[in-house]
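Okay, so here's the structure we're looking at.
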Amino acid sequence: MSNRRFTALKEALRNKPVEIPEIPAKVWEYYGINVFNKRAMQEYLPDDVYKSITENIEKSEKIDKKIADQVASAMRAWAISKGATHYTHWFQPLNGATAEKHDSFYIPSSDNRSIEQFDGAKLVQQEPDASSLPSGGLRNTFEARGYTAWDPSSPAFILDNTLCIPTIFIAYTGEALDFKTPLLKSLSFIDKEATEVCQLFDRSITKVIPTLGWEQEYFLIDEALFYARPDIVMTGRTLLGHPPAKGQQLEDHYFGAIAPRVKAFMKEFEYEAWKLGIPAKTRHNEVAPNQFELAPVYEEANIANDHNLLVMIVMEKVARKHRFRILFHEKPFAGVNGSGKHNNWSLATNTGKNLLSPGHTPKTNLLFLTFFVNFIKAVHKNADLIRAAIASAGNDHRLGANEAPPAIISVFIGSQLTKVLYDLKEKVKDDKMTPEEKTELKLDIGKIPKIILDNTDRNRTSPVAFTGNKFELRAVGSAANCGPAMIVLNSITADQLKQFRFAVEKAMEGGEDKDVAIFKILRDYIEESWPILFEGNGYSEEWVVEAEKRGLSNLKNTPDALGSYISEKTVKLFTENEIFTEKELHARYEIRLENYAKVLQIESRSLADLAGNHIIPTAIRYQNILVENVKGLKEILTEEQFKKQAESQIYIIGKISDHFTAIRQFVQEMIEKRKEANAIESAEKRAHFYCYEVKPYLDKIRYHVDKLEILIDDEMWTLPKYREMLFTK
Ligand code: ADP
Ligand code: MG
């Protein structure tokens, strides 16, 4: 039985009709209609302009001003034909959201007509007054200018009558202020290095593009209940709440039938996503009640990331329409599975090959092994940087907190490939190899079967797993921009491939046969990175001990994990390869520490408010009822009867006092700690102080609040409970 008020609230909102659009049955009739894609370009551009712009995009070349003007006017005509009235540069500032500033296509002229406002210059560059977006000290207010610049590799689209043009966002001084700029740099870095390595095997490979297939997990809750939970409104997660009697233990939600209201929501956002050319593919219930997942077909990493951000906006909008709220937070409910965003990553070539897919012949398998082993080596060398890339206050509740995946970075490759690597490690000799030994090795390598695609036993506890033809980074937070994780994977792999190529070239200069040189280098790499390979249970205590023995780090919280963003190794990697300057890295480090401290500040304030405005008053009110009851009993009962019958009430009265006294005391202490924290000048120290001195109070206070929740009359409890929020019918 649920609290009557909340049930009534839910009913009232649900009974308002939701207008669901009629969705045409044939997806291809509307797929991508809101995107200025090749089809639209072809229709709206003269042939020669179309040819040069597509060529420019393919080769990542600078776009001529005349061409830009023509593209702008085609874009405008196309957008207006679809009812768009405004345009915006759409960019990804470092606050984690996407930003837009809309301008109208027309401005009134002095003779009361309107003048078109959008030309090549406006398409290519803008100067949004975005001085309050985070810059980590890269922009002083006196030169707060930031520029957005067109990213022609990601197509423009229409959202709510506005033409959105994907752009990068950089400071007046040239430093990146967004996620996209370094992502694009990392993409061209890995293109260059991976192509050079491919050239050792296959001359026809001239371009390599990372692919990304993200899997987005999320929760839905009733809009009515969302508004009744100030903690969710303010922080995106519940700061208190006793676990329900039934959670996910029956495992009846995972892949179960989708509730009709939820299905209606999914259908509509998929429709919206398809119109935007987002290849949404699978949808299903996730492990936790009210948790779901959306996965698309993979795309080029830059476009895939734009699509992920865009789909999150669309989902949010459609959810509201269906009287839901969508929670992208990594851990909205304690004791219930959290949400991640698996990043499936691979490398595609211009020849249509997937470099992480084993082939049919020894030659193609050696190419596969080269990329496979170099990736593992890169992860081993840069595990801490990967950990830093995925760190956030929200993700701390998943990583290293007894759920998927652990904070220790390891790589799972399955037993078959482990054996292949083991054999390679053992069979390659240091001295000259005989032709027979070489042939045997090649035969072995030729035997890496395609079937591993189905055979990589799915170890769900590993943060990085090889799943047949791609690596899956499972530790990315559900609310995160994939950018930082992708930048790191691209850059560490590219840098590693560069080292590999140098080593091969050096050995060949010394007279070594190419294949033998490759075998030996891969053998050394396998040996060096063996400790990062782990096939066992990543949640177990034994792994924590074992990982330490292997020298792997276990960084449990964000402030500690972020440190490797500015380590000597990271600075060298990123500056040498021109992905980030040292200044940019420090700025990002600052911004993320600031963000961490702010999130904790807001959580701590919200919990103190809730305790003061909801919990303690409710506890006192209920306690008063019990006190009155006890007084009444005293009047009507004999001394002996009273002793027996009032005992439990008196016990509860005492318990309530104990809990709220503890709550009050902890809240006071937490407020004092917060004051101390806020006085700390250094962002690094402040974030650590929040983590080690303020955060523990969130748990301490919650413990007592959750105890009160089960003591106090349900009808009096002012906040919807887990069981009310988590089971949507
Ligand atoms: P799951 O991991 O849930 O078992 P799949 O293995 O089918 O599911 O794939 C999950 C995701 O992997 C999908 O989003 C898909 O687009 C993506 N994916 C598949 N192949 C590639 C690839 N070559 N590069 C990047 N992502 C890929
Ligand atoms: Mg997956």
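Counting convention: from 1, in listed order, for ligands and their atoms alike.
- Residue contacts with ligand 1 for Glu472 involve side-chain atoms from C-beta outward but no N, CA, C or O (heavy atoms, distance under 4.0 Å).
- With salt bridges taken as basic N to acidic carboxylate O contacts below 4.0 Å, none links Lys267 and Glu270.
- Heavy-atom proximity to atom 19 (C) of ligand 1, evaluated over Gln216, Lys470, Glu299, is greatest for Lys470.
- When heavy-atom distances to ligand 1 are checked against a 4.0 Å cut-off, Thr282 has no atom that comes that close, whether in backbone or side chain.
- Between Lys341 and Glu215 no salt bridge is recorded (no basic side-chain N to carboxylate O distance below 4.0 Å).
- For Asn302, the side-chain hydrogen bond (donor to acceptor under 3.5 Å, both in side chains) partners are Asp151, Ser153, Lys180, not counting sequence neighbours.
- Remark: ligand 1 and Tyr298 share an N or O pair separated by less than 3.5 Å (distance only, no angle test).
- Below 30°, between 30° and 60°, or above 60°: for Phe466 and Phe372 the angle between ring planes is above 60°, a perpendicular geometry.
- With ligand atoms numbered from 1 in the order given, ligand 1 contributes 22 (C), 23 (N), 24 (N) to contacts under 4.0 Å with heavy atoms of Ser346.
- Less than 4.0 angstrom separates some heavy atom of Asn354 from each of these atoms of ligand 1: 23 (N).
- A salt bridge is absent between Lys353 and Asp202; no separation between the charged side-chain nitrogens and carboxylate oxygens falls under 4.0 Å.
- For ligand 1, the atoms lying closer than 4.0 Å to a non-hydrogen atom of Val297 are 16 (O).
- Under the 4.0 Å criterion applied to side-chain N and carboxylate O atoms, Arg501 and Glu196 are assigned as salt-bridge partners.
- Heavy-atom proximity to Trp214, at under 4.0 Å, picks out these atoms of ligand 1: 14 (O).
- Just one of Phe371, Phe375, Tyr298, Trp214 meets the ring pair (Phe, Tyr, Trp, His ring centres under 6.0 Å) condition when paired with Trp345; it is Phe375.
- Here Glu215 has side-chain heavy atoms under 4.0 Å from ligand 1, and that is the only part of it that gets that close.
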